[in-house]
Amino acid sequence: MADPLHSAPQSTFTPRVFSGIQPSGGLTLGNYLGAIKRFVDMQDQGIETIYCMVDLHAITVWQDPAALRHQTRELAAGYLAAGLDPKRSILFNQSQVSAHAELGWVFNCVARMGWMNRMTQWKDKTSGKDAEKASLGLFAYPSLMAADILLYHATHVPVGEDQKQHVELTRDIAAKFNHDYKVDFFPITEPVIEGAATRVMSLRDGTRKMSKSDPSDNSRINLTDDADKIASKIRKAKTDPEPLPETMDALADRPEARNLVNIYAALAGTDKDAVLAEFAGQGFGAFKPRLADLAVATLAPISVEMGRLMQDPAEIDRILGDGADRADAIATPILDRTLEITGMIRSRRR
Ligand code: TYM
């Protein structure tokens, strides 16, 4: 496969990676395989990488303040424990760089209500009468996400499949801004959605996404789960009585089996066909213990390291403060230029 970071057609913009995660609850295996693990891999590709904890997005639904602070530090601990190096990547929480909210406002004036209304995540969260009770921030959520990305002129955004539509909207916002103001100022960002686990499904129902908001804890593996819990959740994962087939096509109607094969491939850093080549003809009695061993070997050390890092919240806050300073240094000139383009006077001496 072509290397997505080096093959995009945005020759005028220096490649730069940005992505974010909401500190709105615990981290799941879905966040790890769909996002964090890939963020860590991208650190080694010779491109600037910027990763954010999007606390301003988190408060689009109610967050208890003490819990939000704890979850933000825990998310930072998760990034670090998974191998993110705050020297090689910029790691920070969104609210410490005020330019996010400011550019978000400009994009609220660029994006159209109709675009927001078409967002499937908005529709899912506000089906029926719930729309009346949703915060205005939840409606404008994708516009702030576009600001996160474009504030750094990011060219590539690694995300899981569920964020694809939001990154496409970011492209629409960039294109409309460039068109309306007759500039070529914002890049048309590429979503990077690749690997074996861009959509990790629930362990209880292979047709639903693994999510921190699922009421059943057995539906997901949390990055804070210890070795016993990880193994027990995999043992209890829903499957079917058939042996594993030789091809992925033969798993088309077996969502739970397909999900476990995807998880295995992503954890092992191999492809799905290689997993099937090894396990074809074997049932889940043989496959699950191997998957459990692999998951425990990969995830349990992360959980232990997160616990260790959480013992020193001041050190986490220091890393986030340092990251925010570095993020701010990139963001501020881009925000200034954006405001200038829109016709605002920028005469303050800093
Ligand atoms: P969030 O916090 O819901 O999820 C963070 C990342 O984890 C991925 N993910 C999954 N991947 C595979 N399988 C799953 N079951 C799964 N669940 C979650 C998500 O796709 C995402 O990559 N709107 C974003 C946060 C955000 C953002 C940004 C992302 C705000 N600004 C700018 C990129 C760039 C969100 O709610 O992700």
Side-chain angles (χ1 to χ4, degrees), residues 16-40 42 49-61 63 71-72 74-75 78-79 82 92-95 97 100-101 103-104 107 119-122 124-125 137-138 140-171 173-174 189-214 219-223 255 258-259 262-263 265-267 327 331:
R16 186 181 274 154
V17 169
F18 180 95
S19 199
I21 298 181
Q22 292 197 67
S24 52
L27 284 167
T28 69
L29 179 65
N31 297 129
Y32 176 70
L33 294 177
I36 297 183
K37 184 175 189 296
R38 298 170 52 227
F39 298 176
V40 172
M42 284 180 163
T49 44
I50 307 176
Y51 299 122
C52 189
M53 275 141 281
V54 291
D55 45 12
L56 296 173
H57 277 108
I59 62 162
T60 56
V61 297
Q63 301 292 330
Q71 285 156 198
T72 305
E74 196 171 76
L75 173 53
Y79 274 118
F92 73 108
N93 59 311
Q94 187 187 30
S95 61
V97 179
H100 286 253
L103 187 61
F107 288 168
M119 292 294 108
T120 54
Q121 289 212 338
W122 163 254
D124 289 350
K125 284 185 187 157
L138 189 66
Y141 181 114
S143 156
L144 180 60
M145 179 161 160
D148 297 340
I149 295 166
L150 296 174
L151 192 51
Y152 301 92
H153 279 183
T155 54
H156 296 84
V157 178
V159 278
E161 234 167 74
D162 61 343
Q163 295 301 316
K164 184 168 186 235
Q165 194 186 30
H166 288 158
V167 182
E168 282 165 358
L169 186 103
T170 301
R171 295 163 63 94
I173 290 178
T189 307
E190 297 285 335
V192 185
I193 302 172
E194 56 178 29
T198 54
R199 189 169 175 83
V200 177
M201 308 309 278
S202 157
L203 298 179
R204 308 298 308 161
D205 175 353
T207 63
R208 294 168 63 95
K209 192 181 73 168
M210 181 181 286
S211 156
K212 49 194 154 198
S213 54
D214 192 312
S219 70
R220 64 180 159 264
I221 294 174
N222 305 300
L223 279 202
R258 192 171 64 233
N259 187 38
N262 289 347
I263 292 173
L267 283 170

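Note that the structure is predicted; figures quoted are calculated from it, not measured. Indexing begins at 1, ligand by ligand and atom by atom, following the structure's order.
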### Query
Are the side chain of Arg171 and the backbone of Val167 linked by a donor-acceptor contact shorter than 3.5 Å?
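It does not hold such a pair.
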### Message
Looking at Gln165 and Thr120, would you say the former's side chain and the latter's main chain have a donor-acceptor pair under 3.5 Å?
### Response
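Yes: the side chain of Gln165 pairs with the backbone of Thr120.
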### Message
Run the ring pair (Phe, Tyr, Trp, His ring centres under 6.0 Å) test against His166 and tell me which residues pass, sequence neighbours left out.
### Response
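With sequence neighbours excluded, His166 shows a ring pair (Phe, Tyr, Trp, His ring centres under 6.0 Å) to Tyr141, given in chain and number order.
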### Query
Does the distance from a Lys or Arg side-chain N to an Asp or Glu carboxylate O, for Asp214 and Arg220, drop under 4.0 Å?
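So Asp214 does not pair with Arg220 through a salt bridge.
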### Query
In chain order, what residues pass the side-chain contact (heavy atoms from CB on, under 4.5 Å) check against Ala154, with sequence neighbours excluded?
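Result, side-chain contact (heavy atoms from CB on, under 4.5 Å) vs Ala154: Phe18, Ile149.
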#### Entry: Qualifying residues under salt bridge (Lys or Arg N to Asp or Glu O under 4.0 Å), relative to Lys212, sequence neighbours excluded
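Salt bridge (Lys or Arg N to Asp or Glu O under 4.0 Å) check on Lys212 returns nothing, list empty.
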Enumerate the pairs of nitrogen or oxygen atoms, one from ligand 1 and one from the protein, separated by less than 3.5 angstrom; state names and distance to 0.1 Å.
unit_1   : atom_1 : unit_2 : atom_2 : d
ligand 1 : 2 (O)  : Gln22  : N      : 2.9
ligand 1 : 4 (O)  : Asn31  : ND2    : 3.4
ligand 1 : 7 (O)  : Asn31  : ND2    : 3.1
ligand 1 : 11 (N) : Gly30  : O      : 3.2
ligand 1 : 13 (N) : Val200 : N      : 2.8
ligand 1 : 15 (N) : Val200 : O      : 2.8
ligand 1 : 15 (N) : Met210 : O      : 3.0
ligand 1 : 20 (O) : Gly160 : N      : 2.8
ligand 1 : 20 (O) : Asp162 : OD1    : 2.4
ligand 1 : 22 (O) : Gly160 : N      : 3.1
ligand 1 : 23 (N) : Tyr141 : OH     : 2.6
ligand 1 : 23 (N) : Gln163 : OE1    : 2.9
ligand 1 : 31 (N) : Asp148 : OD2    : 2.6
ligand 1 : 36 (O) : Gln22  : NE2    : 2.9
ligand 1 : 36 (O) : Tyr141 : OH     : 2.7

